Structure formats: C-alpha cells, structure tokens
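Please read the structure below before turning to the comments.
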Amino acid sequence: MVSAQNLESEIDEILKAQFKDNESGVVALVAKKGNVIYKKAYGKANLELDVNMKPKNVFEIGSITKQFTAVSILMLLEEGKLDLENKLAKFIPNYPKGKEITIHHLLTHTSGIKSYTSMQKFGEVTTQDVEPLKFIDFFKNEPMDFEPGEQYKYNNSGYFILGYIIERVSGISYPEFVEERIFKKLNMNSSSYGSHVKLIKNRAIGYRKRNGDYSNAQYISMSLPYAAGSLMSNVDDMLRWQTAIRNNTLVKKETIEKAFTNYALNNGKKIDYGYGWSLNEINGVPTVEHGGSIPGYKSMGVYVPSEDVYVIVFSNCGCKSPTALTIKIAGLAINKPFATGNNAVSLSKEELQKWVGTYKFEDGGIRLVTMENNQLYSQRKGSSSKFKMYPTSPNEFSFEDGFYTYKFSEKKGKKTVIFQNRIKKEKGMLTANQS
C-alpha cells in the first residue's frame, strides 16, 4: 500500500517532470471519499508578470463542459420537459435528418452530424460572436458523417445543439441555466461561463508554445465552444461538482446512472461513452473520465467509482496535456500503479527477446520493438523517438507514461500485438524478427 507521504512525493515527481518553475503551470487535486489528499500547483499562472500558479487559479475547462451540459439535459428530463428520444426536429424544425436524430444521439456522439471544429472554414469565424441558432446554421447543412446511431465519432456540434435545446426548453440562456441551476446551488463560486471581457478573479492566463517560445493563446469567441466547451472553473469547484454527482444532488440516482451507461451503436457494439463522460479503466479498475482542450488550456478529470477517488488536473498551455499524467496519478491513488522501472515484472532476456521484431498494424503503420541492455523499446518507423516498455506480465507491457500498452500473443507460430492507447485498440502482425 502506498503511504500518504510516498503518494505525495510520487505525484510531485510526476508533475515536476513536465511543469517547470519558469514555464506555464499546472494545478492538480486528488480526493478520496470527498477528502482532499493532494492539492498543489507548479509553474506560472502569468508568464509576463512572473506570477506563480496557485491551487485556487481558474482555468477554461474545455470539453469537461460537456458533463455540465449532459447533467442539465438530465435535470430537464426529470422535470418532464424533454425526453431522451425526442427528435431534433422538435426543437429545430428544419434541421436535416432532424426527424431521425435524437437527444440520445447528440449526447453520445452518435448523431452523424459533422463536428464544426473539424471544418476547415471554422478557422475563419473563431473570433466572431454568434447567437446559438445562427451558428447552428453554420454547420447544419454539412454532409453527415454517417447515419444516426451507426458510428461513434466525438462531436462538438452535438453538444452545441444540446445547449440550444436547454435554452428552448428552460426559457433561459445556457450560461444562465448553468449559473443559476448548478454553480449557485453547489456553491461553485469560482466557476462561470467563460469570458474574455469580464474580470475573472484568479484567472490563469492561457498560452501556446511554438518552436520553444511562449505566446498568448489564440483568441476564440466564447460563443463558439458554448455548451461544448466554454465553462471555467478551478480544482476545488470541480471537486464540489464531482461530490454532487456522487451524492445525486442535482438528479436522482437512477437518472445520473444514465450518464455512466456504456451505450451501443445500432449494431450492438459498445462505444465506451455515456452522457458527457467516457468509460474506461485503470489496470482493470473501471473509471469515468473526460478531458478538455481549448486554446491556452488543457484539462483532464478521472473518477474511480469503486474507490471514490477523483483526480482533476488543469494546465494553462495548449502545449502541455495533463491526460497521461492524470491517469498515472489516479493509478497511484488507487494503489494500481502503471509499470515503471521501479515496479515492472522481472523477465529474462529470452522472455523479452521473444517479442522483438517489426510489426505492421491495421492502419498501415509499422512499429519496431527492439531491445538494448535487457530493456524493450517501441519505435514507429520513420520516427527518431523510441519509448521504454515495462513488463506487467510475460506478454503485457506498459509504456512509461502509463497511457499506452502492448499485449503480445503467439498462435501457430504467428506473433501479434494489440496496441491500446485507452481510446482505441490496434492490432499488429509480426512481419520480421530483428537480429
């Protein structure tokens, strides 16, 4: 069992490795059973003024906003003001395929509507302030990516439309709904709908980094991320949010469980996504989690229901994603650490050598597995970077950051490997052994 002191020092080490004192910063909070067991900040909240990051600093949380949008929909569901099988046409009568697309499709990224952030012309309008219905016109006539329910494809357009539905059904704006019905009720006093105009107390300034140099983040009108990504918060308020979800403060238990159901496509295939949360695992322990990305900020939150452990990490530079380290910290907090040089399974040279070779994957990519001084490495063909692999069993390996894994197998003399990055799996076939 990891002691509290050791846990603190290990988390410190993880954060310090990526966030330096004189660069953009990070805030991390870890809570167990609602009690904070770790809360620290590293780096700078403002590089120009040389202001150190503090745990109370406020960040734009990007797509973690989707949790608030999904719960808002569930609140209105409980009030009888909408149904999850309501068709989009009920709220926007002239929407293409609107008689086939449901609120459920929008919540689960299975609507087939094209995500506006993937449209090339989105870059031309990012600074414009646009009313919700007018901006829906911006993307609604784009060709569908697929028929509703046929595929899962992460989609900001769906959550943008959900914000408009909340406005139509509740009679107030999306910012007002979140402020009045959620933030005030939960005493989330440092949370708000994002603004570049208002003075936001304790705001951490957002940055980007190009060719080693920092600059202020690209400006984006907060009317565009909207219900898909425009909220701001700090780690303490996010713990209040997670506690409210855990305690069924905003909706009943049977209602919030809809958000954590692993839904399926029309063909029955599970999508590992509920409503506003993705469903995953850490070394076999189920998690619910979501990240966020918006110019100047990256965020990641992981909740482990069985352990009642919550980890939330915010970064104020688009150049430094906290996703992998958040998962790594959560693994430590539930005493299920990812394999590293310190806790890897010991394998003989022969056992390691068995998996050395060149593997071709389903996407056409080729990865080389090599060994130097009894250490396995993975390297994508054409890349100069190679990554250490640590054994967790004779045929399973975890990468250093814990975000990627390899699972090897051998059948009838053919060796294969499953590469997983916690979001998707790829299968690779050995094409040549390395000498």
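Nothing here was measured: the structure is a model prediction, and the numbers come from that model. Here, residue 1 is the first one in the sequence, and each next residue gets the next number.
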| query | Crowded around Lys87 NZ? As in, over 12 foreign heavy atoms under 6.0 Å? | reply | yes

| request: Evaluate the side chain to side chain contact (heavy atoms under 4.5 Å, CB included) criterion for residues Leu47 and Ile205: first the C-alpha distance (whole Å), next the side-chain angles of each, then the deciding distance (0.1 Å), finally the verdict. | output: CA-CA 8 Å; Leu47 290 169; Ile205 303 302; over 6 Å; no

| query | What about the rings of Phe408 and Tyr359, do their centers lie closer together than 6.0 Å? | reply | yes

| query | So, do Tyr406 and Trp355 sit near enough that their side-chain heavy atoms are less than 4.5 Å apart? | reply | no

| request: Scan side-chain atoms only and decide if Asn316 and Lys44 contain a donor-acceptor pair under the 3.5 Å cut-off. | output: no

| task | Show your working on side chain to side chain contact (heavy atoms under 4.5 Å, CB included) between Leu332 and Ile14 and close with a plain yes or no. | result | CA-CA 11 Å; Leu332 288 170; Ile14 290 169; 3.5 Å; yes

| query | side chain to side chain contact (heavy atoms under 4.5 Å, CB included) between Val178 and Tyr193: does it pass, once the steps are laid out? | reply | CA-CA 8 Å; Val178 175; Tyr193 189 93; over 6 Å; no

| Taking Ser191 for the side chain and Phe183 for the main chain, is one N or O donor matched with an acceptor at less than 3.5 Å? | no

| request: Compare every heavy atom of Ser157 with every heavy atom of Ile113, then report the nearest pair and how far apart it is. | output: CG2-CB, 3.8 Å

| query | Are any of the side-chain heavy atoms of Met222 and Ser195 separated by less than 4.5 Å? | reply | no

| request: For residues Val71 and Met75, determine if any side-chain heavy atom of one lies less than 4.5 Å from a side-chain heavy atom of the other. | output: yes

| query | Do Lys66 and Ser63 meet the criterion of a side-chain donor-acceptor pair at a distance under 3.5 Å? | reply | yes

| task | Measure the spacing between CD1 of Ile418 and OG of Ser409 and express it to the nearest 0.5 Å. | result | 6.5 Å

| request: Answer whether the closest heavy-atom distance between the side chains of Glu289 and Thr326 falls below 4.5 Å. | output: no

| field | salt bridge (Lys or Arg N to Asp or Glu O under 4.0 Å) assessment of Lys336 paired with Glu307 | value | CA-CA 11 Å; Lys336 290 278 187 179; Glu307 304 287 334; over 6 Å; no

| query | Does Phe19 have its ring centroid less than 6.0 Å away from the ring centroid of Tyr42? | reply | no

| task | Check whether the side chains of Asn57 and Asn234 place a donor and an acceptor atom closer than 3.5 Å, and report yes or no. | result | no

| message | Show the nearest heavy-atom pair for residues Ser111 and Ile101, with the distance to one decimal. | response | CB-CG2, 3.8 Å

| Do Tyr377 side-chain atoms and Thr370 backbone N/O form a donor-acceptor pair below 3.5 Å? | no

| field | Flag for Asp12-Tyr38: side-chain donor and acceptor within less than 3.5 Å | value | yes

| Are more than 12 heavy atoms from other residues, nucleotides or ligands located less than 6.0 Å from atom CD of Gln5? | no

| said: I'd like to check Ile64 versus Leu231 (side-chain heavy atoms, cut-off strictly below 4.5 Å). Are they in contact? | reply: no

| task | For this output row, return yes or no: ring centroids of Phe122 and Phe139 closer than 6.0 angstrom. | result | no

| request: Name all residues meeting the ring-ring contact (aromatic ring centres under 6.0 Å, His included) criterion together with Tyr164; count only those two or more places apart in sequence or in a different chain, and write none if there are none. | output: none

| request: For Asn266 and Pro148, indicate whether the former's side chain and the latter's backbone hold a donor-acceptor pair under 3.5 Å. | output: yes

| Do Glu281 side-chain atoms and Gly284 backbone N/O form a donor-acceptor pair below 3.5 Å? | yes

| task | Of all the heavy-atom pairs spanning Gly163 and Thr69, show the shortest one and how long it is. | result | N-CG2, 4.4 Å

| said: Do His109 and Tyr273 pair up side chain to side chain, a donor and an acceptor below 3.5 Å, judged on atom types alone? | reply: yes

| query | Would a line drawn from the ring center of Tyr116 to the ring center of Phe135 be shorter than 6.0 Å? | reply | yes

| query | Which distance, rounded to the nearest 0.5 Å, do you find between the CZ of Phe68 and the OH of Tyr159? | reply | 13.0 Å

| said: Does Tyr310 form a side chain to side chain contact (heavy atoms under 4.5 Å, CB included) with Met238? I'd like the steps, not just the answer. | reply: CA-CA 10 Å; Tyr310 183 56; Met238 286 303 297; 3.5 Å; yes

| note | Quick note, disulfide (SG to SG under 2.5 Å) partners involving residues 256-319, not counting sequence neighbours, are Cys317-Cys319

| task | Would you indicate whether the side-chain heavy atoms of Glu60 and His196 approach each other to under 4.5 Å? | result | yes

| said: Let's go through Tyr303 and Arg246 carefully: what are the C-alpha distance in whole Å and the side-chain angles of both, what is the deciding distance for side chain to side chain donor-acceptor pair (under 3.5 Å) to 0.1 Å, and is it a yes or a no? | reply: CA-CA 10 Å; Tyr303 182 64; Arg246 172 79 176 186; 2.9 Å; yes

| field | Reported CD1-to-OG1 distance for the pair Ile220 and Thr127, which is rounded to 0.5 angstrom | value | 9.5 Å

| Exercise: do Tyr214 and Glu48 side chains pair donor with acceptor under 3.5 Å | no

| message | Please determine whether the number of non-hydrogen atoms from other residues, nucleotides or ligands lying under 6.0 Å from atom NZ of Lys153 exceeds 12. | response | no

| task | Would you check if Thr287 and Ile327 make a side-chain contact, meaning some heavy-atom pair closer than 4.5 Å? | result | no

| Under the 6.0 Å and 45° cation-pi test, does Lys121 pair with Phe138? | yes

| Are Ser230 and Tyr174 linked by a side-chain donor-acceptor pair shorter than 3.5 Å? | no

| So, are Lys354 and Glu350 salt-bridged, with charged N and O less than 4.0 Å apart? | no

| pair Tyr275-Ile73: side-chain heavy atoms closer than 4.5 Å | no

| said: Around atom NZ of Lys270, are there more than 12 heavy atoms from other residues, nucleotides or ligands closer than 6.0 Å? | reply: yes

| query | Has Lys209 got more than 12 heavy atoms of other residues, nucleotides or ligands less than 6.0 Å from its NZ? | reply | yes

